[in-house]
Amino acid sequence: MSFFQRIFPILALLSFLLLIGLVWKDYDRPYLEYQRKFKALLDQKSTGSSKPVEFGFGYRQRWSKELGRVDRCETCHLGLDDPRFKDAPQPFTTHPVIAEHAYEKFGCTECHGGQGMATTVEDAHGPTENWNKALYHDNFMENSCSLCHGEYLQAQAPVLFRGQTMFFEYGCRGCHKADGKARTVTGPPLDEMSKRVKSDWLYRWLMGPKDYWPQTKMPDAKFTSQEAADVSAFLLQGPGPEGQAISGDAGPGKTTLLESRCTTCHTIEGKGGKTGPELSKVASKAYPERLFKVVKDPHALWSDSKMPIFGFADKDINDIVTFMSQEYMDLDLNENEAARQAQLVASGSKERGKELAVKQGCVGCHSKIEGVKEIGELGPDMATFGVVHISLLDFGDIKVPFKERTVPNWIYNKIKSPRLFKEGLKMPDYYFSAEEATAITTYTLSLKGKEVPASYTLPLGERPSDYAPQGAFGKIVDKYRCLVCHKINGKGGEVANDLSQEGSRVQEAWIKKFMKAPDTIRPMLEERMPPFKILDPENDAIFAYCRTTLVTDKVEDLTGPVDKMALGDPQIIRDGEKLYFEKYGCNACHQINQKGGLVGPDLTETGKRLRPEWVVYYLHDPKAFVKRSVEPVYALTDKEIQALTAFVLSSRSSVTH
Amino acid sequence: MALHTRNETFENGSATSGIPVVSKWLEDKTFGLGLINISLFVILNVTGILLMFYYAADTDRAYQDIKDLQFVITFGAIFRNMHRWSAYAMIALVFLHMSRVFYMAEYRRPRQLNWVIGWCLFLCTLIASLTGYLLPWDQKAYWGMTIMSNVMASAPIIGEKLKYVVLGGNEIGQNALSRAFDLHVKVMPLIMSFLIALHVIRNRTDDLIANPQLHGDAEVSVWPDIICRELSKFFIILIIIMVAAILFGAPLEEEANPSVTPIPAKAPWFFLGLQELLSWGAPFWFAIVIPNMVLLFAIIVPYIERGQTGGGVWLHPSRRLQNILFTAFVTVAIGLIILGAFFRGPGWRFYWPWESWPLH
Amino acid sequence: MTKETSMLLRLGPTLTLFAALSLFFLTATGSSIAVAASSEERAQLPLFEVPHKPESTLTASEQRGANLYAYYCAVCHGKNGEGDGFNSSQLSTPPAKHDDATFMSTFSDVDVAKAIKGGGPALGRSTDMPPWGRVLTDREVSDLVAFVRTLSKQ
């Protein structure tokens with residue numbers, strides 16, 4: 001018998017055993033362990049019920065034909081639908097309630113990422129060799145919302161919305177295209193810099209913008225000293241400041257400045273509003289001649305400036321500028337150091353500066369740079385960056401374990417530390433915090449260039465309106481930049497109140513007086529409306545527009561019924577007083593004659609301020625106009641509304657409380 | 001039934017008596033390579049059946065079906081792995097089998113036709129492997145096929161037409177997949193079974209014709225001796241393939257994505273040598289002329305060989321020239337594959353295996 | 001030669017075959033190997049960060065309640081329920097101190113929900129506390145209750 005003949009029985013046996021082994025290995029899949037554990041938990045939770053617990057071992061999958069996905073997550077994630085498993089350990093935890101996202105229709109991976117077809121943990125969660133779209137980290141979960149729900153998810157997906165807003169506000173769009181979206185103007189134009197700023201300041205600014213203005217949106221290009229000098233030299237080409245020297249009185253200047261409530265928009269030593277730059281060191285930055293021009297007519301210098309035209313007289317402006325030049329100096333600045341920096345700039349190379357300006361993409365945020373045209377986009381196109389292939393992302397020399405080599409992690413790190421991966425990268429550093437970087441990463445991940453079937457789309461949220469006031473009112477709004485702080489018909493800022501129904505709300509005499517000299521309506525707010533030198537024709541035009549356009553029928557229709565209410569009747573007023581103080585405790589939040597709470601507006605002058613129709617309308621439904629107001633909703637009867645209106649609008653000379 | 005096996009035929013030493021041999025150990029060993037190849041072919045067909053049940057040659061479904069096989073279907077992962085490793089092993093072992101036949105000069109009269117049939121079988125194996133390579137519809141498959149179809153397209157006159165016929169269109173899409181599937185599952189097994197049967201039958205008849213005096217007294221019974229011996233070799237192969245299937249998963253990359261090119265795109269390993277050759281010069285010479293010349297030469301070797309001594313043993317000294325030439329051919333073929341696999345990076349530039357590749 | 005040696009010699013080829021097969025596996029799978037780079041330590045630069053959720057001891061419901069509390073309640077009750085909100089000095093009845101465990105233990109969750117929905121009068125207390133029942137949904141109220149409970153757990 002030959003050798004092979006002799007070993008034949010052994011080999012046959014070995015093959016057979018191996019076959020059994022294969023059958024066993026194939027049968028005992030990893031998911032069965034999880035299912036056994038789950039069944040044990042299920043038995044525990046069902047002790048006491050009469051019916052035996054039904055549980056079938058095996059795969060579970062959701063197949064969504066429309067989305068083209070097969071998700072087998074429920075093979076291990078068994079407690080998703082069962083509220084009894086709220087506190088169970090993963091993978092059995094109940095899924096948090098997120099409105100109507102039924103598994104049959106949506107599956108899991110459309111929102112969560114990962115490999116739905118897999119039935120082992122490593123393969124399902126990813127990343128693995130052949131599936132780089134790993135499960136999204138919790139922090140970035142909201143990125144999938146915009147696929148179906150659109151772009152205006154301020155309330156529903158706040159992280160995503162914040163990232164979206166930041167993407168445009170911080171000028172990312174200046175360098176990165178994002179699916180046909182327009183570029184927003186982020187920075188001021190850079191023409192005539194030599195007339196505007198001092199050379200040593202520009203040097204310091206380029207070396208570190210956040211040292212001068214901590215809330216600036218300008219990133220740090222991490223210039224070397226020589227580079228900053230060169231760019232400064234390039235930008236500062238041209239003649240120095242012109243115009244007559246500024247001389248005025250610092251004392252009156254200080255008074256005017258404080259009265260004008262500049263800190264509503266600007267910060268002075270860190271305290272103030274977020275709209276305008278820091279002013280406490282402005283004298284070290286700008287020439288007084290320039291300051292004069294800015295205060296007089298900021299729009300002539302920068303058409304997109306948010307600063308209103310105050311309408312000061314030239315003498316007042318002289319005083320203000322004199323005060324600023326004397327007081328708002330950088331006290332930490334060493335004179336020798338400043339001189340040295342000025343010298344550096346003076347000997348800087350303009351050609352090299354221009355090269356650097358082009359290379360760093362200053363034109364992405366700033367316009368009117370001498371000799372530099374709009375050069376289009378500098379960074380990669382973001383339109384489908386959310387689903388970029390991992391092989392195209394360069395991690396450089398950094399040792400990243402395979403599990404962490406995912407697209408979201410790369411984007412997050414890139415945003416947080418733009419020059420992390422290699423030497424010589426261009427993107428400047430914004431010094432974003434972890435939350436900010438998370439928000440922007442979430443937005444970037446949402447840019448998938450993908451569309452879902454029509455039956456899945458459900459746009460949510462409020463679209464920004466394209467309201468643009470025309471005519472005389474439009475010019476006034478443009479001059480005083482009302483929409484920087486106020487919202488009208490969905491467009492504008494949220495620093496101050498919504499004016500969309502102001503015509504129905506306020507009385508003529510009051511609003512005209514207020515526009516000339518705004519006083520405090522809400523004691524709790526720090527921002528205050530600055531007093532503009534509104535001309536009488538402008539005031540009339542504003543009121544006319546309010547009464548014709550910024551009205552609502554809901555209030556106007558109440559004119560008839562309100563006329564019939566005897567709002568001057570003393571008995572009704574006394575009833576209203578009782579309701580105000582005793583039944584409803586309105587004084588907990590509102591002040592009358594300096595007594596009461598500070599949460600809501602002061603009601604002392606309401607009789608002169610608000611129209612009775614408005615008060616009735618508002619008491620009827622406080623959430624009709626401002627949905628998120630802090631006013632509680634009482635179920636007031638009509639009689640109570642009448643009484644309260646009468647009280648609130650009365651002169652209250654007889655208030656006893 | 002009594003059958004003569006070759007080992008027994010030569011065991012008596014009558015064929016080797018009087019002729020000096022180079023290697024006492026090698027002597028006349030076949031290593032059972034032919035048997036191994038048939039075993040692998042059987043394994044491929046059996047595992048292929050299960051795979052065939054669950055696979056649909058539709059570009060929307062193909063990749064998903066592979067995932068289903070890998071994760072859900074009973075024995076899916078194991079059969080798929082076995083199928084892939086058997087296929088790769090078969091290519092290599094068919095090549096070795098052919099080498100062995102050459103070194104022992106067993107292509108001589110009356111075995112010339114068998115040599116040709118053997119080469120046809122080798123080409124069939126390559127075609128079957130290439131068509132099977134496309135079926136998972138992953139990046140490797142798609143781009144590997146892109147390379148190969150471009151190689152075909154570089155043939156003179158008929159090149160573009162050939163590519164069009166193979167792909168069923170100008171690009172790799174549904175048509176290419178359907179054709180690959182039909183070829184792989186229906187046509188090649190049929191042809192190969194037929195050719196294998198022919199090959200084996202001819203082997204027996206050629207044996208009897210070539211060495212009539214060997215029919216001596218040695219008789220071995222088919223059952224249990226020969227069957228057991230063959231089966232045990234089959235079991236060894238089966239065990240090896242099963243262990244490999246358990247230990248090593250068959251490679252699978254991401255789903256085919258025409259807009260993401262792997263850097264660099266590489267042909268399947270068994271054609272890597274061709275791709276490497278291609279990078280040395282004009283496609284016409286290096287992809288069409290040279291390989292085809294070599295192929296032709298190899299096939300007609302039995303008909304053009306002048307020396308007739310030294311057959312039946314390994315590396316007989318009288319066949320020094322043939323052995324050296326053939327060894328050179330084998331070295332170059334394997335060397336090209338190794339070069340293309342480990343030493344080529346983006347842009348097909350030379351990189352040491354430990355060097356890192358730049359990204360852009 | 002001995003039986004063992006001859007057996008060994010016969011196994012030799014099989015082993016060689018196996019070794020060769022292993023090499024082929026390598027080649028087949030290794031044809032697109034991208035070798036990882038050797039790295040230099042770049043100690044000055046920030047390291048690669050893996051994003052992680054900030055540590056929070058609050059459950060999802062409690063977190064929602066915290067957001068609601070900051071928006072509606074903190075102006076009187078204070079950021080941490082200490083009754084020292086911005087408005088608290090203006091009130092004739094000081095706001096309830098939610099961080100006082102003894103005080104809070106006299107109220108059940110139902111009581112707290114009642115107070116939120118119906119205001120002070122719902123529990124026979126001051127009208128300074130407004131009713132939020134028509135402003136908040138039931139779920140928001142239960143989130144608030146959950147959060148208020150955490151304030152007294154310090």
Side-chain angles (χ1 to χ4, degrees), chain A residues 2-4 6-7 86-87 96-97 137-140 158 391 395-404 406 408-410 412-413 416-417 419-421 423 434-435 437-438 441 523-524 581-589 591 595-600 622-623 628-635, chain C residues 3 6-11 14 29 32 34 36-42 44-54 59-61 63-64 67 71-76 85-93 95 116-121 125-136 139:
Chain A
S2 89
F3 169 70
F4 284 104
R6 273 193 295 260
I7 62 173
K86 257 205 306 224
D87 299 316
V97 177
H137 192 275
D138 275 351
N139 291 358
F140 309 127
S391 65
F395 285 80
D397 283 336
I398 303 196
K399 268 205 164 99
V400 180
F402 182 73
K403 273 259 164 283
E404 315 298 350
T406 60
N409 287 354
W410 189 93
Y412 177 77
N413 278 277
K416 212 148 179 296
S417 325
R419 299 191 182 179
L420 173 69
F421 295 113
E423 296 290 336
E435 281 160 52
T438 302
T441 308
M524 207 168 81
F581 286 99
E582 289 163 32
K583 184 167 183 198
Y584 291 114
C586 308
N587 61 323
C589 292
Q591 285 218 319
K595 282 209 290 236
L598 301 167
V599 183
K623 306 295 180 189
R628 282 267 290 166
S629 74
V630 188
E631 165 107 7
V633 177
Y634 304 93
Chain C
K3 201 157 132 195
S6 96
M7 251 178 76
L8 216 65
L9 283 176
R10 285 197 159 96
L11 280 177
T14 321
T29 54
S32 50
S38 61
S39 72
E40 290 173 339
E41 281 305 307
R42 301 164 83 201
Q44 306 94 320
L45 286 174
L47 295 171
F48 190 85
E49 235 181 87
V50 176
H52 58 274
K53 248 192 144 50
T59 68
S61 165
Q63 184 59 54
R64 286 194 300 270
N67 297 340
Y71 192 75
Y72 288 104
C73 319
V75 68
C76 291
F86 182 80
N87 198 38
S88 57
S89 54
Q90 307 293 121
L91 297 170
S92 45
T93 314
I116 295 175
K117 286 204 232 188
R125 297 169 75 87
S126 165
T127 53
D128 283 349
M129 165 74 184
W132 301 103
R134 291 186 189 81
V135 174
L136 301 171
R139 183 163 163 241

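So that the names make sense, note that chain A is the first sequence line, chain B the second, and so on, each numbered from 1.
A heavy-atom distance below 4.5 Å is found between the side chains of C/Pro130 and A/Tyr634. Residues C/Tyr72 and A/Val630 meet the side-chain proximity criterion, which asks for heavy atoms closer than 4.5 Å. With a 4.5 Å cut-off on side-chain heavy atoms, A/Gln591 and C/Gln90 count as touching.
Closest of all the heavy-atom pairs between A/Lys623 and C/Val135 is CE-CG2, 3.7 Å. In plain terms, the two heavy atoms of C/Leu91 and A/Ala588 that are nearest each other are CD2-O, 3.4 Å. Nearest heavy atoms, A/Val633 versus C/Arg134: O-NH1, 3.3 Å.
Using a 4.5 Å cut-off between heavy atoms, A/Ala434 makes no contact with chain C at all. For a residue to count as touching a neighbouring chain, one of its non-hydrogen atoms must lie under 4.5 Å from one of that chain's; by this rule A/Lys583 touches chain C with the backbone only. At a 4.5 Å heavy-atom cutoff, the contact between A/Ser629 and chain C is made by backbone atoms alone. Within the 4.5 angstrom heavy-atom criterion, only side-chain atoms of A/Val400, from C-beta onward, approach chain C. Interface residue A/Asn409: backbone and side-chain heavy atoms are both found under 4.5 Å from chain C. In this structure, the portion of A/Tyr584 lying under 4.5 Å from any heavy atom of chain C is its backbone and not its side chain.
Heavy atoms from other residues, nucleotides or ligands lying under 6.0 Å from NZ of A/Lys86 number 12 at most.
With C/Asn87 contributing its side chain and A/Cys589 its backbone, the two residues share no donor-acceptor pair below 3.5 Å.
Note that NE2 of C/His52 is 12.5 Å distant from CG of A/Asp138, once rounded to the nearest 0.5 Å.
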